[in-house]
Every structure is written in C-alpha cells, then in structure tokens.
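Quick notes on the structure that follows.
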There are 2 protein chains.
Amino acid sequence: MLKKERQAYIIQQINIHNKVLSADLCIQLDVSEDTIRRDLQELAEEGKLMKVHGGALAKSFHFTIETNQVYNLSAKQVIAQKALQLIKDGMLIAISGGTTMRELIKLLPPELNATFVTSNVPIALELLNHPSVEVIFLGNKLLKSAQMAVGAEVVSRFGQIKADLCLLGTNSIDTVDGITDLELEIIEVKKAMVDASKKVVSLAISEKLNTAQRLVVCGLDKVDILITELDPTDELLAPYAKKGIAVL
Amino acid sequence: MLKKERQAYIIQQINIHNKVLSADLCIQLDVSEDTIRRDLQELAEEGKLMKVHGGALAKSFHFTIETNQVYNLSAKQVIAQKALQLIKDGMLIAISGGTTMRELIKLLPPELNATFVTSNVPIALELLNHPSVEVIFLGNKLLKSAQMAVGAEVVSRFGQIKADLCLLGTNSIDTVDGITDLELEIIEVKKAMVDASKKVVSLAISEKLNTAQRLVVCGLDKVDILITELDPTDELLAPYAKKGIAVL
DNA sequence: ATAATTTGTGCGGTTTTCTGCAAACTCTTT
DNA sequence: AAAGAGTTTGCAGAAAACCGCACAAATTAT
C-alpha cells in the first residue's frame with residue numbers, strides 16, 4: 001500500500017461520508033495511527049480536508065453564509081467590540097438576530113466557554129463556526145422575513161430558561177416607548193427573551209435611536225445596558241443615561 | 001529484454017492495476033531496482049505515469065483540483081431532479097441534511113406549497129429562500145460537526161408529527177445492515193424521522209452503496225424508495241430492488 | 001477535578017532513492 | 001574482425017523517506 005494510495009482513499013472516504021475517524025482508517029488501511037495522523041496532517045496542509053480531534057472533516061462541509069455588504073458595517077463592528085466585555089465564561093446568553101450580532105459572534109474569543117440560546121437561523125449558523133461555545137436553537141415554525149423561529153412553542157421555551165444576558169438587536173428605541181418592533185410574532189419572541197434574562201442589553205446603531213415602531217417589546221425600565229457606536233458622553237445618549245441605563 | 005520492452009510492460013501493468021511497485025517489477029523483469037527506477041523516472045518525465053515512493057501510480061490519480069467544491073455535484077443534481085417528482089402540494093416532509101438535499105431544495109418549484117420539517121441548520125436556511133414553502137425547525141442543542149439539532153427534545157418532537165415523506169440523506173447503505181451512520185446522536189434523530197414518516201426515501205450517490213458504518217439507522221425493510229444517480233436498471237441496484245425497494 | 005483519549009515528537013529500524021562509477025552492451029567505423 | 005563512442009546496467013555507500021513504538025503533552029470526557 002503506497003502512501004498516495006492511502007491518501008487517495010482517505011480523500012475519497014471524506015468526500016463520500018463527510019467525516020472519517022482515525023481509528024477507522026487505521027483498521028481499514030491496516031497501518032498505525034501515527035501513519036494515519038501524518039497522512040491527515042499532510043492532507044490538511046494541502047488544504048484537502050479539515051483535521052479535527054479524532055479524525056477529519058470535509059472542507060466543503062461546513063458552509064457559511066456569504067456576507068454581502070453589511071449596511072454601516074464599521075458602526076456595527078464598534079458596537080460588537082464594546083459588547084464583548086459583557087460576555088464571560090460560563091454564561092448563558094440569549095441572543096437575537098441581525099448583522100450586528102453576526103459581527104459580535106465573529107469577534108468572540110476562540111476559547112470562550114459560554115452557551116448561546118437563539119431562535120435565529122443565521123445566528124445559529126454563525127455560532128456553529130465558533131470552536132467551543134454551545135449553541136441551543138429554540139425552534140418551531142420559521143418566519144421567512146426574519147429567518148427566525150416564532151410562535152408559542154418558542155416563547156414557552158424561552159420561558160423555561162434563565163439567561164444571564166440578553167443581547168437584543170434593536171430595531172427602534174426611544175425614551176417614550178422603549179424598544180419597539182414591527183412584527184407581532186417577533187415581538188412575542190423578543191419579549192420572552194427579555195423576560196428570561198437577568199440583564200438586558202440593547203445593541204443599536206445611532207440611527208435607530210429615537211425612532212419608534214408600532215409594537216412594543218419592552219419599556220426602557222427593563223433595559224440595563226445600551227450599546228451604540230457613539231461615545232458614551234454623546235448628548236444623544238444623555239436621555240437614556242438619565243433613565244438609569246448604563247451606556248457603553 | 002530491451003528497455004522499450006520493459007517500459008511497455010510497465011505501462012501495461014499500470015493500465016491494468018493503476019499502480020506498480022518497484023520491488024514487484026524488478027522481480028518480474030529480472031533487473032535491478034535502479035533500472036526500474038530509471039525507467040519509472042523516464043516514463044514520469046514523459047507524463048505517462050506518476051512516480052511515487054515505492055513505485056508508480058496511473059496518472060488518473062489526480063485527486064487535486066476537486067476540493068472545496070461540492071463533491072460529485074452533478075450526480076447529486078441528478079438525484080435531486082429524480083426526487084422532485086415525489087414532492088407534492090400539501091405534503092408534510094421530513095428532511096435531513098447534506099449537499100444533496102441542498103441541491104434538491106434549489107430545484108423546488110417556486111409555487112410549491114408544502115411544509116418541511118428539519119433539524120438541520122443549513123437546510124433550514126436554504127428552505128427559507130423558497131418563496132412559499134413552510135419551514136419548521138425542530139431545535140435544541142446543536143451539534144457542531146453536523147450543524148444540526150440533536151437530543152431527546154428533537155427526537156420526541158419528531159415523534160409528535162406524522163410526515164408524508166422522509167427524505168433521508170444517506171451516509172452508507174448496504175443490503176445487510178440497511179442505512180448506517182457514524183454518530184450516535186445523528187442516528188437517534190434519523191431514526192425518529194424515519195419512524196415519523198409514512199414513506200422513507202433514501203438519497204445516496206452510488207459510491208455510498210454497499211458501504212456500512214458502525215451504527216444502524218434503520219433496516220432496508222423501512223426504506224420505500226432508493227434514489228441514486230444510476231439508471232434504475234443498473235445491476236448495482238438489483239439487490240435493493242429485490243428487497244422490495246422502489247429504485248428511481 | 002480526575003481519568004481516558006488523542007496528539008506531538010524523538011528514536012530506531014527498514015525500505016527506497018540518489019549518486020558516482022565501472023563493467024557490459026550496442027552500434028558504427030575502420 | 002576489431003576498435004571506439006555512446007548508452008545502458010548493476011553495484012556500493014550515503015542520504016532521504018517511511019513507519020511503528022514509546023513517552024510526554026494536550027485535549028476531551030467523566
């Protein structure tokens with residue numbers, strides 16, 4: 001059995017099954033684990049597969065969303081960076097959808113050990129790319145417009161958890177109505193997320209400040225922290241600070 | 001024994017076996033290893049074979065370029081096309097993961113009115129792009145390697161539905177063990193999907209036929225339809241047809 | 001936190017390859 | 001025939017590649 005033959009076999013198995021275990025291969029090919037490991041390593045260096053603990057995965061298998069251009073990306077990245085400091089090991093974090101959240105997830109330190117709960121599909125996918133965080137998807141009927149699960153089932157399951165932090169992508173926020181949104185079904189879920197969490201963080205680009213939609217998620221009294229791309233001393237944020245919200 | 005004769009013999013052996021070992025050749029041709037090596041080197045320079053440590057391989061061992069794209073895409077598209085005819089308006093369809101399924105979803109007619117149930121994140125996302133189908137995601141803890149939800153919660157919720165069709169991306173299938181897979185948690189979910197469905201369809205590229213993994217999803221008796229890229233009359237499929245499975 | 005796998009790495013034995021060289025062979029020329 | 005030029009072949013010794021083993025480090029699971 002030649003080395004290249006072995007490697008061709010490994011590639012084939014990966015393509016067929018998306019995954020191989022070192023232990024299986026060394027039986028099938030009748031060589032030592034060391035040899036298999038060296039082969040996998042070599043193939044990984046050539047970019048033909050992804051080496052993981054105990055075996056290897058196909059490279060094309062993990063599929064991610066192509067990010068077209070994100071509106072106001074730099075502002076969102078500033079917000080995401082600020083939000084990072086709130087996230088600590090061991091936390092249970094409820095997280096909503098939106099591109100700001102996606103940026104946040106990309107910035108999570110690789111060794112972070114936290115659990116994220118979401119009902120948003122792209123967010124779940126983004127979280128799955130992180131090496132160590134645990135991801136819980138509360139699912140049910142999916143709403144196409146928001147790419148998230150909605151409905152009584154989701155609400156009731158958020159009711160069963162007690163999160164340390166709620167990261168809320170915010171559509172509109174003002175000092176009168178608090179956080180507001182457009183669709184009833186989304187409101188219901190966001191409400192459930194807020195109620196399930198000890199601390200509520202609203203992430204919003206400054207354009208969304210002092211705007212309101214028809215439906216209320218929660219009043220400002222429930223919001224603990226507000227994060228925008230602005231300097232905390234910006235006068236736009238003063239009304240929120242005065243209401244007792246920590247502004248970052 | 002002339003040099004040309006030797007080299008012709010080597011080429012012939014390569015054509016027959018796709019590989020030769022230097023050690024074998026120098027016995028068969030009764031010359032020293034050096035001579036063989038020089039022959040191989042010469043033939044390699046002429047592009048007639050691929051020299052590797054210990055012997056040579058046929059040029060067709062070029063497994064270089066096809067990485068990072070979907071493996072065997074055309075076969076999967078054929079399979080997806082065949083599967084389309086099974087999907088009718090009003091159906092409730094349980095669908096598993098995999099690139100074949102993604103191709104299938106892309107081919108769904110825009111006016112289709114069906115409900116899909118899945119626990120696979122990329123599949124859910126793909127389904128969300130469709131204008132009219134309803135998508136239900138059965139969620140819970142997400143498994144990173146498979147990008148899908150697993151666990152008792154998912155299993156129990158599949159137990160509560162009665163699907164018309166189960167589209168099962170198949171990792172391995174053979175006539176003895178039936179459909180098999182690698183990870184326990186995935187098995188559990190797939191089992192639940194099979195049990196929840198009136199009709200079970202296995203989609204598999206032909207390379208997966210007659211291969212087996214360690215864990216059994218279900219026996220062939222539970223499989224109603226098998227779809228591969230092969231012609232239904234292909235003899236590879238005969239054993240399955242004989243077991244009463246409709247082969248498309 | 002502790003135990004069990006899995007990895008990484010150095011070592012030694014084996015096989016394969018490389019290099020130079022001389023003997024043997026082919027073919028032409030005398 | 002015989003000599004000579006060029007090629008091919010086998011050989012020896014050194015270098016490199018390959019593979020399995022053992023032990024320590026890292027990672028995962030319990």
Side-chain angles (χ1 to χ4, degrees), chain A residues 1-11 13-14 19-46 48-57 89-90 108-115 128-135, chain B residues 1-11 13-14 17 19-46 48-57 61 141-146 150-152 182-188 214-215:
Chain A
M1 177 68 66
L2 298 162
K3 190 173 132 190
K4 290 280 178 188
E5 271 189 286
R6 275 199 322 266
Q7 298 190 351
Y9 179 85
I10 292 172
I11 292 288
Q13 289 300 306
I14 284 266
K19 173 177 176 179
V20 289
L21 303 178
S22 305
D24 287 351
L25 288 173
C26 75
I27 293 171
Q28 289 163 29
L29 297 170
D30 194 31
V31 293
S32 77
E33 293 218 26
D34 303 69
T35 305
I36 293 297
R37 198 147 23 78
R38 277 186 276 244
D39 280 340
L40 292 180
Q41 183 151 350
E42 212 171 296
L43 291 168
E45 276 166 16
E46 292 169 33
K48 292 178 181 159
L49 48 76
M50 256 181 82
K51 197 166 171 306
V52 297
H53 206 90
L57 297 173
D89 264 22
L108 291 176
E111 66 281 2
L112 176 70
N113 250 301
T115 303
L128 283 174
N129 285 329
H130 188 281
S132 59
V133 302
E134 185 166 354
V135 193
Chain B
M1 176 69 64
L2 263 52
K3 190 172 139 192
K4 292 277 176 191
E5 272 187 279
R6 273 200 323 268
Q7 298 194 349
Y9 178 83
I10 292 173
I11 293 290
Q13 289 299 305
I14 284 269
H17 299 116
K19 83 163 185 184
V20 289
L21 303 180
S22 306
D24 288 351
L25 288 173
C26 75
I27 293 171
Q28 290 163 28
L29 297 170
D30 193 31
V31 291
S32 77
E33 293 220 25
D34 302 70
T35 305
I36 293 299
R37 197 155 18 78
R38 279 186 273 244
D39 282 340
L40 292 180
Q41 186 150 351
E42 215 170 294
L43 290 168
E45 277 165 16
E46 294 170 31
K48 294 183 178 152
L49 48 76
M50 219 178 122
K51 194 168 172 307
V52 299
H53 199 96
L57 297 170
F61 258 75
K141 197 192 87 179
L142 298 185
L143 189 65
K144 284 219 173 72
S145 62
V150 294
L182 243 154
E183 274 181 86
L184 184 61
E185 289 177 304
I186 296 176
I187 296 281
E188 287 171 349
R214 225 168 323 210
L215 300 167

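Chain naming here is simple, since letters A, B, ... match the order of the sequence lines and numbering starts at 1 in each.
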* Contiguous Watson-Crick or G-U pair runs (3 or more, under 3.5 Å) in DNA chain D ->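 Looking at DNA chain D, the stems formed by three or more consecutive pairs are C:1-30 with D:1-30.
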Rounded to the nearest 0.5 Å, what separates atom [atom1] in [X] from atom [atom2] in [Y]?
X       : Y        : atom1 : atom2 : value
B:Gln7  : B:Arg38  : CD    : CZ    : 12.0 Å
A:Leu21 : B:Arg214 : CG    : CZ    : 6.0 Å
B:Glu33 : B:Thr35  : CD    : OG1   : 10.0 Å
A:Ile10 : A:Glu42  : CD1   : CD    : 10.0 Å

* Treat primed atoms plus P, OP1 and OP2 as sugar-phosphate and everything else as base, then score nucleotides 17-30 of chain D 5' to 3': B for base contact with protein heavy atoms under 4.0 Å, S for sugar-phosphate contact only, - for none. => SSBBBB----SS--
Shortest non-hydrogen contact from [X] toward [Y]:
X        : Y        : answer
A:Ile36  : A:Leu25  : CD1-CB, 3.7 Å
B:Leu215 : B:Glu183 : CD1-C, 3.7 Å
A:Ser132 : A:Asn113 : O-OD1, 4.1 Å
B:Leu40  : B:Ser22  : CD1-OG, 3.8 Å
A:Leu112 : A:His130 : O-CE1, 3.8 Å

* Is any side-chain heavy atom of B:Leu57 closer than 4.5 Å to a side-chain heavy atom of A:Glu5? ->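 The answer is yes, as the side chains (C-beta and beyond) meet within the 4.5 Å cut-off.
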* Asked: Please give, in whole Å, the distance from D:dT8 P to B:Gln41 CD?
  ->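 Rounding to the nearest Å, CD of B:Gln41 and P of D:dT8 are 13 Å apart.
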* Asked: How do A:Ser22 and B:Val52 order along DNA chain C: which one's closest nucleotide is nearer the 5' end?
  ->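 Looking at the nearest nucleotide for each, A:Ser22 comes out on the 5' side.
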* Leading and trailing nucleotides of DNA chain C with any atom under 4.0 Å from heavy atoms of chain B ->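 Range of nucleotides within reach of chain B: C:dT16 to C:dT19.
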